[in-house]
K.L.:
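Handing you a structure now.
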10 protein chains.
Amino acid sequence: MSDRIARLDAGREVVRAKDRLGISWQQLADELGHSLVHTTAALLGQQPLSANEAEKVGTMLELDEEIVEDLALPPVRGEAALDPTEPVTYRLQEALQVYGTSIHELIREEFGDGIMSAIDFSMTFEREPDPKGDRVKLVWSGKFLPYKVN
Amino acid sequence: MSDRIARLDAGREVVRAKDRLGISWQQLADELGHSLVHTTAALLGQQPLSANEAEKVGTMLELDEEIVEDLALPPVRGEAALDPTEPVTYRLQEALQVYGTSIHELIREEFGDGIMSAIDFSMTFEREPDPKGDRVKLVWSGKFLPYKVN
Amino acid sequence: MSDRIARLDAGREVVRAKDRLGISWQQLADELGHSLVHTTAALLGQQPLSANEAEKVGTMLELDEEIVEDLALPPVRGEAALDPTEPVTYRLQEALQVYGTSIHELIREEFGDGIMSAIDFSMTFEREPDPKGDRVKLVWSGKFLPYKVN
Amino acid sequence: MSDRIARLDAGREVVRAKDRLGISWQQLADELGHSLVHTTAALLGQQPLSANEAEKVGTMLELDEEIVEDLALPPVRGEAALDPTEPVTYRLQEALQVYGTSIHELIREEFGDGIMSAIDFSMTFEREPDPKGDRVKLVWSGKFLPYKVN
Amino acid sequence: MSDRIARLDAGREVVRAKDRLGISWQQLADELGHSLVHTTAALLGQQPLSANEAEKVGTMLELDEEIVEDLALPPVRGEAALDPTEPVTYRLQEALQVYGTSIHELIREEFGDGIMSAIDFSMTFEREPDPKGDRVKLVWSGKFLPYKVN
Amino acid sequence: MSDRIARLDAGREVVRAKDRLGISWQQLADELGHSLVHTTAALLGQQPLSANEAEKVGTMLELDEEIVEDLALPPVRGEAALDPTEPVTYRLQEALQVYGTSIHELIREEFGDGIMSAIDFSMTFEREPDPKGDRVKLVWSGKFLPYKVN
Amino acid sequence: MSDRIARLDAGREVVRAKDRLGISWQQLADELGHSLVHTTAALLGQQPLSANEAEKVGTMLELDEEIVEDLALPPVRGEAALDPTEPVTYRLQEALQVYGTSIHELIREEFGDGIMSAIDFSMTFEREPDPKGDRVKLVWSGKFLPYKVN
Amino acid sequence: MSDRIARLDAGREVVRAKDRLGISWQQLADELGHSLVHTTAALLGQQPLSANEAEKVGTMLELDEEIVEDLALPPVRGEAALDPTEPVTYRLQEALQVYGTSIHELIREEFGDGIMSAIDFSMTFEREPDPKGDRVKLVWSGKFLPYKVN
Amino acid sequence: MSDRIARLDAGREVVRAKDRLGISWQQLADELGHSLVHTTAALLGQQPLSANEAEKVGTMLELDEEIVEDLALPPVRGEAALDPTEPVTYRLQEALQVYGTSIHELIREEFGDGIMSAIDFSMTFEREPDPKGDRVKLVWSGKFLPYKVN
Amino acid sequence: MSDRIARLDAGREVVRAKDRLGISWQQLADELGHSLVHTTAALLGQQPLSANEAEKVGTMLELDEEIVEDLALPPVRGEAALDPTEPVTYRLQEALQVYGTSIHELIREEFGDGIMSAIDFSMTFEREPDPKGDRVKLVWSGKFLPYKVN
């Protein structure tokens, strides 16, 4: 349990520090040489950080050494890392409720029996300007994996 | 309860009929003049169909009149329409577990306190060719809605 | 996790302080220049407070500096912030059980396919004098958002 | 169980019939001499209808005699009558998550230790015109009931 | 969260102190001038205690000042205050499983559409001597509240 | 499963028949020679009825022979027989949430380590006239059973 | 909560101490003059211990005075005291899944409508030598309690 | 699903038939040459019956051929076969809550690291005469299985 | 819902037919030219069958044409297809509880950050003769998939 | 509770220490003379370690004496030791969802009515080289245990 809490708490410290210092996720991404979404996920505990990467972040955000060590712990993926009733999150889930069966059928028609990988997967985040109000644009890209037949 | 079952069952009949007749979701979308994902979602019970639209689909897919009527019932959105443990669906959920907090923080940094709408929302589905194996590409676009301050 | 606890605990400290000092929610609302319900929600952790707003509250309620800092953390919306079995809360939920499907059908008839926003939303709270016993009056106002058709 | 299903199914038949005949909830309310929300709730199974009232509705909506009988069954209140993940309903619940603790504290300050009744309770539903998009306005009015001290 | 824990823990301290000092719930009730069950419930965190009442109890039970302060916190009603699988509690729940639908129908027949209030409510606890083994006698008295028709 | 449904459905038929014929639970109790609450519980499937008793009820309420047979099936006690979110039932549960720990401590003080039986148990139901509004009075009487020490 | 944790933790200390000192549950039972299973259950927090009994155990196991005090707290029965997925426990539960309905029917045939008490109850634990592998033998003895008819 | 329902329903038919014909579980056990508890469990769907055994039971209880066939389906063990809130069943579960950790520790002390098998397992059921009220006596016997170390 | 039930019920019909006709899973696998486990899974609804394959099975097992059609429906993977409390299944789950964190750490050490695929996956089933009692041997083989870093 | 946390936390310390010192699970297994998987499971809290074994590990990994003591506590098997939504773990569970009913039927056909033991059980872990990407290979071996018939 304590690894999980240590890693997630370190992520919260990152958020507080970047807010305080006025550093953006993109600046952190540039420093680490990863994409925006991957970097954010890594700093929030969902992807691994090497000791070296943690060190860079620690310097940039003036973090305590203990926080830096915790950032290099293995990622803590899984349900406990997310509150599905938080309003931003809930709407993403709701979109899955509405479009999940469609995605399933569209994959079945286009690719056959298999899945869209959540491992060989990447996501981008973008502001989409729109005169009626700007939009959040997320692009999900996951490799199709066919079920093995033997 | 029976509306929900009627609507979802009508959707299953659509799937069986299009598989039997070799008609694609895109052909159905073209007939209705809606996008691919919206059409699929509507036929699977997640978006409304007018009586007229249901009729067109019924003719194209040689459906019984009763099925056509059920297709025009109000949509049945909500958790009961989706099995979150079905493997395709699960991986989408898992991607949310991994990236949900990141999306939350990125929206907060870029847009401020608010959400990505699941109502003023659209999604596209595409095959992304890739030499290492083709990929599923989903683009989510939702209007940013700021929390009202009063 | 710890942000959530810090923010909610800061809210409990606000309650204890205002009870001790005899300061009302309305006085706090006047100080901040927000409505009564928005102010209460913000102080209980459900809406954001700027550092400046937190400072004003801290002065008025003689709060420790640490509590003031915690009040300016991002809001912690979601299920974990509320005990749905607490008797006041439960009756509100029960009213939704009784009237929820009615609201759904009335919106569908009057506005069409869509929702009442919980984001572009405000609420007022009022004592409604009544000879048979005063009443609690809540006015909910949320923008209608139509489902996007594309 | 079967009472519940019979009553709720009768409600769905009412919806289908009024949609087919172009009769509004308000017309039904006028016929019964009750308010709009109370009438809608009663027809959807959440408030009682006398045999006489059920008969009037049956005539107006050309319902089968069996449906009319089912409409006069006792109401079927409780969680099973509502899908809390349906998007319209969910946003109402979410508003409670955000404002529930505020309502609790505001009642405690204004009225003392007690609740807002969900029994001696009424609700109105209204379209609130707004240049930025019309709004749904709900007014909740419930008698304050103080906890008995003895 | 911490209010709840503070209030319930204060209740446990009351139990330990009264056991140690040989003081009965009835003696505490006499001191406070409330009924036996109301007093017990208040001291266990389910009904309010004024600062003055808390002080009296603190003196009688030689409690620390901090515990006395916690006793005057608002009550912490709700599911989290009770373990429904504790054997004494479970049997009360089981009695509701067996007699709940009967009470519902008997109220409906005798009073009409409405509820037995849990707010305008009182309970007594008594030992009922019986040659075959003494019995626990609980009398529940709650005001009938008719559903409002409008 | 089917026994349970058969027995509970037979109970619903009893309710419909007695409502239609204007026969009260007390008249049924007098016919069977049992108390009011026990009779109601038995007819709703929570206590046993002999074939002879079922026959008497069938004659009085003009029930089909099949219903009469189902009334003599073994009782179907347990959670599935009751909807705890039904508003009448919920308030009884809520009273247990508020007073459950008190009953536990009062039994422990008065009787020692043990329980109030839900088997050697009886309940009465009564209308308690009150100028401020009549009350529902329930008397619960259960034998105290001490934990066996060996 | 803290009573429960204190009592259960005291039980874990008993286990560690008896393992360290090589003292068996039977020796503890002999010291207290209770049966083997009752003693074990009492020391693990499921049956009461008098202050005197706790003192004897404390001396025998060289426990801290605080642990001794905690052992004399009221028992903490209920679901939270047991992990039903722990493999030893699970198999006992599974046996109930397989034989529970049989026990129910056998009691109904042999004794009539009623239960096997879990309060006027005792259990023995024994090693049953067997050439094909020794067996665990548990004898459950509970008083039959007939449902009260009134 | 349908196997489970068929097998369990066949078991209910066995109960109705034996009640109607006045045949006891022991007589059925004698006919099949199995123990009382094993026979009861087999007839209620928890242990297998050969086609030949099902035939014998069918003749003795005058069952329809279809029921006899269903009795020979594979057993349907698992949670869905049992209602854990049924009062007889619940008390058995409660005894596990009270004594489960004791059994675990007693097995660990006496046998070492391992379990009491629920597969190489048998149970007897007996009426234990007692002047203070007869008792239900269950003897559980399960082979000890040590965890494999490799 | 009905696809799922149709497909799973078709699987139960396969089991009954092969038991009645004395045909083994291996014979069915040989007929279809797939491995033993894949064939069994496909026939039980977890992998796809072509119309042609379903036809072959139908002929071999003398199935009705409707069952044959249902066998060719899409697979119905997900939690609802399995009862995790069924004793055979439970022990597999328990093995995961005991060894799951070990597999996680061993994969992390040997392969790095990633998963063992459940899609590019196969399993074999074998009887492993052993003088102390034959054993069930399962070999799981899943491709390692590294988390994408971008 | 605290045993469980102590044991699992000790396991996390083992992971951190071996990562820091570059010691592999296989080296630890060789030191203890157990298999790779058994050793890993034991160090992660799922199998017992003698005081002597804990000491050896402590020396090799330079652990604090307190950690060493905690490693020798009894194992803490059960659901709470594993997060089933962690992606590696989830895929193992999903494989059970897909193949669980097949394993059940294959055991029933090959061995008869019984289970694959999770106690007399062992597992191996291996990297399976594959030109299309190396694979994780797990071999599960569990003794078949027939249900006892008596």
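Throughout, protein chains are lettered first and strands after them, A, B, ... in sequence-line order, and every chain is numbered starting at 1.
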K.L.:
Would you say the side chains of I:S141 and J:E128 form a donor-acceptor pair under 3.5 Å?
P.N.:
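Yes, a side-chain donor-acceptor pair sits under 3.5 Å.
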K.L.:
Can you tell which part of J:F111 gets under 4.5 Å to a heavy atom of chain I, answering side chain, backbone, both or neither?
P.N.:
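Its backbone and side chain both get close to chain I.
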K.L.:
Heavy-atom distance under 4.5 Å between the side chains of J:K143 and J:M116, does that happen here?
P.N.:
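Answer no - side chains too far apart.
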K.L.:
Between the main-chain N or O of I:S117 and the side-chain N or O of J:R91, is there a donor-acceptor pair closer than 3.5 Å?
P.N.:
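Between the backbone of I:S117 and the side chain of J:R91 there is no qualifying donor-acceptor contact (under 3.5 Å).
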K.L.:
Tell me, out of I:S24, I:G133, I:G11, I:G100, who's got the most heavy-atom pairs with chain J below 4.5 Å.
P.N.:
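Ranked by contacts with chain J, first place is I:S24.
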K.L.:
Between chain J and each of I:T39, I:V98, I:D130, count heavy-atom pairs under 4.5 Å; write down the option with the most.
P.N.:
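The option with the most such pairs is I:V98.
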K.L.:
Tell me, side chain or backbone of J:Q97 under 4.5 Å from chain I's heavy atoms, or both, or neither?
P.N.:
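For J:Q97, the contact with chain I is made by backbone and side chain together.
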K.L.:
Quick one: which of J:L44, J:T101, J:L96 has the most heavy-atom pairs under 4.5 Å with chain I, could you say?
P.N.:
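Greatest number of close heavy-atom pairs with chain I: J:L96.
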K.L.:
With only heavy atoms counted, which part of J:R127 is less than 4.5 Å from chain I, the side chain, the backbone, both or neither?
P.N.:
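Both backbone and side chain.
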K.L.:
Chain I heavy atoms under 4.5 Å from J:E79: which part of the residue, side chain, backbone, both or neither?
P.N.:
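Both parts, backbone and side chain.
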K.L.:
Counting heavy-atom pairs under 4.5 Å with chain J, which one of I:G78, I:P84, I:G114 comes out on top?
P.N.:
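Of the options given, most contacts go to I:G78.
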K.L.:
As an exercise: rank I:A81, I:A41, I:P75 by heavy-atom pairs under 4.5 Å with chain J and give me the winner.
P.N.:
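The option with the most such pairs is I:A41.
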K.L.:
Just wondering, do J:F125 and I:S102 contact through their side chains at under 4.5 Å, heavy atoms?
P.N.:
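Counting from C-beta outward, I:S102 and J:F125 never come under 4.5 Å.
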K.L.:
Mark yes when over 12 heavy atoms from residues, nucleotides or ligands other than I:Q27 sit less than 6.0 Å from its CD; otherwise mark no.
P.N.:
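Counting other residues, nucleotides and ligands, CD of I:Q27 exceeds 12 neighbours.
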K.L.:
Heavy-atom cut-off 4.5 Å, strictly under: side chain, backbone, both or neither for J:T124 against chain I?
P.N.:
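Contact with chain I involves no heavy atom of J:T124 at all.
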K.L.:
Could you go through J:E105 and I:R12, starting from their C-alpha distance and side-chain angles, then the distance that decides it, and tell me whether this counts as salt bridge (Lys or Arg N to Asp or Glu O under 4.0 Å)?
P.N.:
CA-CA 11 Å; J:E105 288 296 338; I:R12 298 314 305 166; 3.3 Å; yes
K.L.:
Checking heavy atoms, do the side chain of J:V15, its backbone, both or neither come under 4.5 Å from chain I?
P.N.:
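When you check distances to chain I, only side chain atoms of J:V15 fall under 4.5 Å.
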K.L.:
Taking side chain as everything from C-beta outward and backbone as N, CA, C, O, which of these in J:F121 sits under 4.5 Å from a heavy atom of chain I? Side chain, backbone, both or neither.
P.N.:
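When you check distances to chain I, atoms from both the backbone and side chain of J:F121 fall under 4.5 Å.
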K.L.:
Go through the atoms of J:L43 and report whether side chain, backbone, both or neither lie under 4.5 Å from a heavy atom of chain I.
P.N.:
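For J:L43, no heavy atom lies under 4.5 Å from chain I.
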K.L.:
Which residue out of J:L106, J:L82, J:I119 racks up the most heavy-atom pairs below 4.5 Å with chain I?
P.N.:
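Among J:L106, J:L82, J:I119, the one with the most close pairs to chain I is J:L106.
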K.L.:
If you draw a 6.0 Å radius around CD in I:E110, do more than 12 non-hydrogen atoms from other residues or ligands fall strictly inside?
P.N.:
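Result for CD/I:E110: enclosed.
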K.L.:
Examine whether an atom of J:D120 lies under 4.5 Å from a heavy atom of chain I, and if so say whether it belongs to the side chain, the backbone or both; otherwise answer neither.
P.N.:
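Its backbone and side chain both get close to chain I.
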K.L.:
Using the rule given for salt bridge (Lys or Arg N to Asp or Glu O under 4.0 Å), can you reason through I:K148 versus I:D113, listing the C-alpha separation, both sets of side-chain angles and the distance that settles it, and then say yes or no?
P.N.:
CA-CA 9 Å; I:K148 179 167 186 173; I:D113 188 39; over 6 Å; no
K.L.:
I:T89, I:V37, I:D83, I:L92: which one forms the most heavy-atom pairs within less than 4.5 Å of chain J?
P.N.:
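Greatest number of close heavy-atom pairs with chain J: I:L92.
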K.L.:
Is it the backbone or the side chain of J:M123 that comes under 4.5 Å from a heavy atom of chain I, or both, or neither?
P.N.:
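Side chain only.
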K.L.:
Tell me, out of I:I115, I:V88, I:V136, I:L145, who's got the most heavy-atom pairs with chain J below 4.5 Å.
P.N.:
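Highest number of heavy-atom pairs under 4.5 Å: I:V136.
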K.L.:
Keeping I:R7 on the side-chain end and I:L73 on the backbone end, is there a donor-acceptor pair under 3.5 Å?
P.N.:
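The answer is yes, because a donor-acceptor pair under 3.5 Å joins these two groups.
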K.L.:
Given side-chain contact (heavy atoms from CB on, under 4.5 Å), test J:L36 with J:W25 step by step and report yes or no.
P.N.:
CA-CA 7 Å; J:L36 175 64; J:W25 293 110; 3.7 Å; yes
K.L.:
Could I:E94 and J:R77 be called an ion pair, given the rule that one side-chain N must be under 4.0 Å from one carboxylate O?
P.N.:
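No.
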K.L.:
Determine whether the side chains of I:Q47 and I:H34 contain a donor N or O and an acceptor N or O closer than 3.5 Å.
P.N.:
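I:H34 and I:Q47 do not have a side-chain donor-acceptor pair below 3.5 Å.
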K.L.:
With chain I, which of J:D134, J:V139, J:T40, J:L138 has the greatest number of heavy-atom pairs at distances under 4.5 Å?
P.N.:
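Of the options given, most contacts go to J:L138.
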